[in-house]
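Below is one structure, written out as structure tokens, with a few remarks after it.
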Amino acid sequence: MLYIGIDLGTSAVKLLLMEADGTVKNIVSREYPLYFPHPGWSEQNPDDWYKETMQGLKELLDGFDRSQVAGISFGGQMHGLVILDENDEVIRPAILWNDGRTTKECDYLNNEIGKDKLSEYTANISFTGFTAPKILWVENNEPENFARIHKIMLPKDYIAYRLTGVHSTDVSDASGMLLLDVKNRCWSKEMCEICHISEEMLPKLYESYECVGTVLPEIAAELGISECVKVAAGAGDNAAAAVATGTVGDGNCNISLGTSGTIFISSKTFGVDENNALHAFCDANGAYHLMGCMLSAASCNKWWIDEIIGTKDYAKEQEPITKLGENHVYYLPYLMGERSPYNNPNARATFIGMTMDTTRADMTQAVLEGVAFALRDSFEVARSLGIKIERTKICGGGAKSPLWKRIIANVLNVKVDVLETEEGPSLGGAMLAAVACGEYASVEEAAAKTVKVIDTVEPEPELAAKYEARYQQFKNIYPACKELFDKIV
């Protein structure tokens, strides 16, 4: 049988076709626009997602036996606010995860409602990217739209609705809304009251591997697939990527180097970082995880190479970089503000340390190292909780760079396992679909039978020591700049 994973990303939807044994048969990517109506704002049109997903599905299945398609599931960008009216029509453009407009609403939630209460209700505090402050922003700034809200959805769940007619979400993605009682895996009545919404406005909750329905007859006819094709709830992009990398069970770690960057630490038991520097979320596996998220990771490299240098040859720009651990240029990777561990939407990307002999390669190296150092910031929080991390898996577009993987292994001083297939959320979605269809008894079984490590990047003691010294310098830069960031916004 064949299983489809749909990764609804920020810049494109990536669709993957997988055989039951985990073999990837086809991959298709379709881009759609990203809108920035004001500085720090980030929006998309949900209908663009749907149109490109449907076109992508047709391309994905071209040349394959469509009668063999058994299931579809998702990974998807988290936190985005999609609001529907009583006719299930989209009311306004979706406000995305990397949108920073909700500073006022976050201050209200964190300071007036109180971080302690938020953590009690949801296991997390408010961040500008989360969904709950976006709901309050709509109420405060677009009351006419707020009054029309009938359903509140997340991005990937809107696609699931268009395919099945079912309003659903999964607990991993819902964890990032600041509306879920994460410990008990149910909606928080207190947060609904705070956000002036009813629980009926929220979709039905599922585990990531549970079937929410089958494809609508008109969808089946358009795609040439059976009306019996099951659609599973899927997961937030990082939880789906964790499935794809086999980061399930207790104490496993995965780094994702996508548009955003994350560290993902799986846990069988519920736990909260007392300072809420890391997110405490439900897992796609029926358990829990801690996650540190930086808003700009591989997107920093893309911005630097594409927009500033003006090329697309990423590998060529990295060729002159040979003196690792000796760069005197530092880069703060805060192009869209920052989440973990600082929770500061006013933070900005910054180069520091340039001299007359600084080269283009030094600047490129600083970007790669700055992202690694920022990931280390979240690692340090995890380590302060007594979590021992000796190795990690890695996925995402940035993971295709051997140089970047080497930098990360030495900055973090951990072993970095490289996987045979680094397809991230789309592969995780396909695996969740296979579990929903009974191909595997559990997510653990799916991971054990399909995920293969083909290489390990080992930290080099001398280089790790150099990067340790560099990190100790790096971690002083943000505190020194913080007051300035607040003034220049």
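Given the structure is predicted, the values throughout are model-derived calculations rather than measurements. Residue indices begin at 1 and follow the sequence shown.
- One N or O on the side chain of T392 and one on the backbone of C253 form a donor-acceptor pair closer than 3.5 Å.
- In this view, Y206 satisfies the ring-ring contact (aromatic ring centres under 6.0 Å, His included) rule with no residue, not counting sequence neighbours.
- A salt bridge is absent between E120 and K117; no separation between the charged side-chain nitrogens and carboxylate oxygens falls under 4.0 Å.
- Side-chain contact check for D170 and S172: at least one donor-acceptor pair (N or O, by modelled atom type) lies under 3.5 Å.
- The shortest distance between side-chain heavy atoms of L375 and I255 falls below 4.5 Å.
- Between N327 and D362, the closest heavy-atom pair is ND2-O, 3.0 Å.
- Within 6.0 Å of CG in D116 there are 12 or fewer heavy atoms belonging to other residues, nucleotides or ligands.
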Q: List the steps and the verdict of side-chain hydrogen bond (donor to acceptor under 3.5 Å, both in side chains) for N110 and S126.
A: CA-CA 6 Å; N110 285 328; S126 185; 4.7 Å; no

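- Between the side chains of D377 and Y471, at least one donor-acceptor pair of N or O atoms lies under 3.5 Å.
- Nearest heavy atom pair, residue I125 against residue N343, reads CD1-ND2, 4.0 Å.
- Sorted by first and then second residue, the ring-ring contact (aromatic ring centres under 6.0 Å, His included) pairs with a member in residues 432-456 form an empty list; sequence neighbours excluded.
- For H279, the ring-ring contact (aromatic ring centres under 6.0 Å, His included) test picks out F127, F130, F281, with sequence neighbours left out.
- Side chain of T53 to main chain of W49: a donor-acceptor pair is present (N/O by atom type, distance under 3.5 Å, no hydrogens or angles).
- For the atom pair N124 CG and M177 CE, the distance stands at 13.0 Å (nearest 0.5 Å).
- The side chain to side chain contact (heavy atoms under 4.5 Å, CB included) search around Q472 returns R376, E468, K475, not counting sequence neighbours.
- The CD atom of E319 sits 11.0 Å away from atom CG of L403, with the distance rounded to the nearest 0.5 Å.
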(Q) For E43 and R101: C-alpha separation, side-chain torsions, deciding distance, then whether salt bridge (charged side-chain N to carboxylate O under 4.0 Å, His left out) applies. (A) CA-CA 11 Å; E43 298 183 347; R101 76 183 70 183; 2.8 Å; yes

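- Without hydrogens or angle criteria, H79 side chain to G176 main chain gives a donor-acceptor distance under 3.5 Å.
- Atom NZ of K183 is surrounded by 12 or fewer heavy atoms from other residues, nucleotides or ligands within 6.0 Å.
- Not a single donor-acceptor pair under 3.5 Å links the side chain of S73 to the backbone N or O of A430.
- The line from OG of S266 to CE of M291 is 13.5 Å long, rounded to the nearest 0.5 Å.
- Nearest heavy-atom pair across A132 and L179 is CB-CD2, 4.1 Å.
- When atom types are taken as modelled, the side chain of W41 and the backbone of G100 share no donor-acceptor pair closer than 3.5 angstrom.
- Counted within 6.0 Å of CD on E31, heavy atoms from surrounding residues, nucleotides or ligands total 12 or fewer; the atom is thus considered open.
- Annotation for L335 and S296: closest pair CB-OG, 3.6 Å, computed over non-hydrogen atoms.
- With sequence neighbours excluded, the residues forming a side chain to side chain contact (heavy atoms under 4.5 Å, CB included) with S42 are L34, F36, L96, N98, D99, listed by chain and number.
- Partners of R406 according to the salt bridge (charged side-chain N to carboxylate O under 4.0 Å, His left out) rule, which considers only residues two or more places apart in sequence or in another chain, are E460.
- Between the CZ atom in R30 and the OG atom in S11 there is a gap of 13.5 Å [rounded to 0.5 Å].
- Looking only at atom types and distance, the side chain of T247 has no donor-acceptor partner in the side chain of N252 under 3.5 Å away.
- Residues Y334 and L295 have side chains not in contact (no heavy-atom distance under 4.5 Å, counting atoms from C-beta outward).
- Of the possible donor and acceptor atoms, one in the side chain of D181 sits under 3.5 Å from a partner among the backbone N and O of N184.
- Listed by first and then second residue, the ring-ring contact (aromatic ring centres under 6.0 Å, His included) pairs that reach into residues 244-271 are F264-H289, F270-Y288, sequence neighbours excluded.
- Here CG of L484 is found 11.5 Å from CZ of R348. Values are rounded to the nearest 0.5 Å.
- In this structure, the side-chain hydrogen bond (donor to acceptor under 3.5 Å, both in side chains) partners of D21, at least two apart in sequence or on a different chain, are T23.
- With sequence neighbours left out, the side chain to side chain contact (heavy atoms under 4.5 Å, CB included) criterion links N346 to N344, D486, V489.
- Taking the centre of each ring, F351 and W304 come in below the 6.0 Å mark.
- We find that E326 and K466 are joined by a salt bridge, their nearest charged nitrogen and carboxylate oxygen being less than 4.0 Å apart.
- No hydrogens or angles considered: a donor-acceptor pair under 3.5 Å links the side chains of Y467 and E369.
- In this structure, K393 NZ and K415 NZ are separated by 14.0 Å, a value rounded to the nearest 0.5 Å.
- The salt bridge (charged side-chain N to carboxylate O under 4.0 Å, His left out) search around E423 returns K14, not counting sequence neighbours.
- Looking at T456 and D417, their side chains do bring a donor and an acceptor atom within 3.5 Å of each other.
- With sequence neighbours left out, W303 forms a ring-ring contact (aromatic ring centres under 6.0 Å, His included) with no residue at all.
- Residues forming a ring-ring contact (aromatic ring centres under 6.0 Å, His included) with Y330 (at least two apart in sequence, or on another chain): none.
- In this structure, the side chains of L118 and L109 come closer than 4.5 Å at one or more pairs of heavy atoms.
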**Q.** Check against salt bridge (charged side-chain N to carboxylate O under 4.0 Å, His left out), K156 and D237
**A.** CA-CA 9 Å; K156 76 174 190 340; D237 49 8; over 6 Å; no

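- Considering all non-hydrogen atoms of both residues, G213 and T164 come closest at C-CG2, 4.5 Å.
- E307 contributes no side-chain N or O that, together with a main-chain N or O of K302, makes up a donor-acceptor pair within less than 3.5 Å.
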Q) Yes or no on side-chain hydrogen bond (donor to acceptor under 3.5 Å, both in side chains) for T311 and D313, after CA distance, side-chain angles and deciding distance? A) CA-CA 6 Å; T311 179; D313 197 339; 5.7 Å; no

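- Checked by atom type, the side-chain pair Q318/Q365 shows no donor-acceptor distance below 3.5 Å.
- Under the 3.5 Å distance criterion, the side-chain polar atoms of S208 are matched with a main-chain donor or acceptor of G234.
- Considering all non-hydrogen atoms of both residues, L154 and V82 come closest at C-CG2, 4.2 Å.
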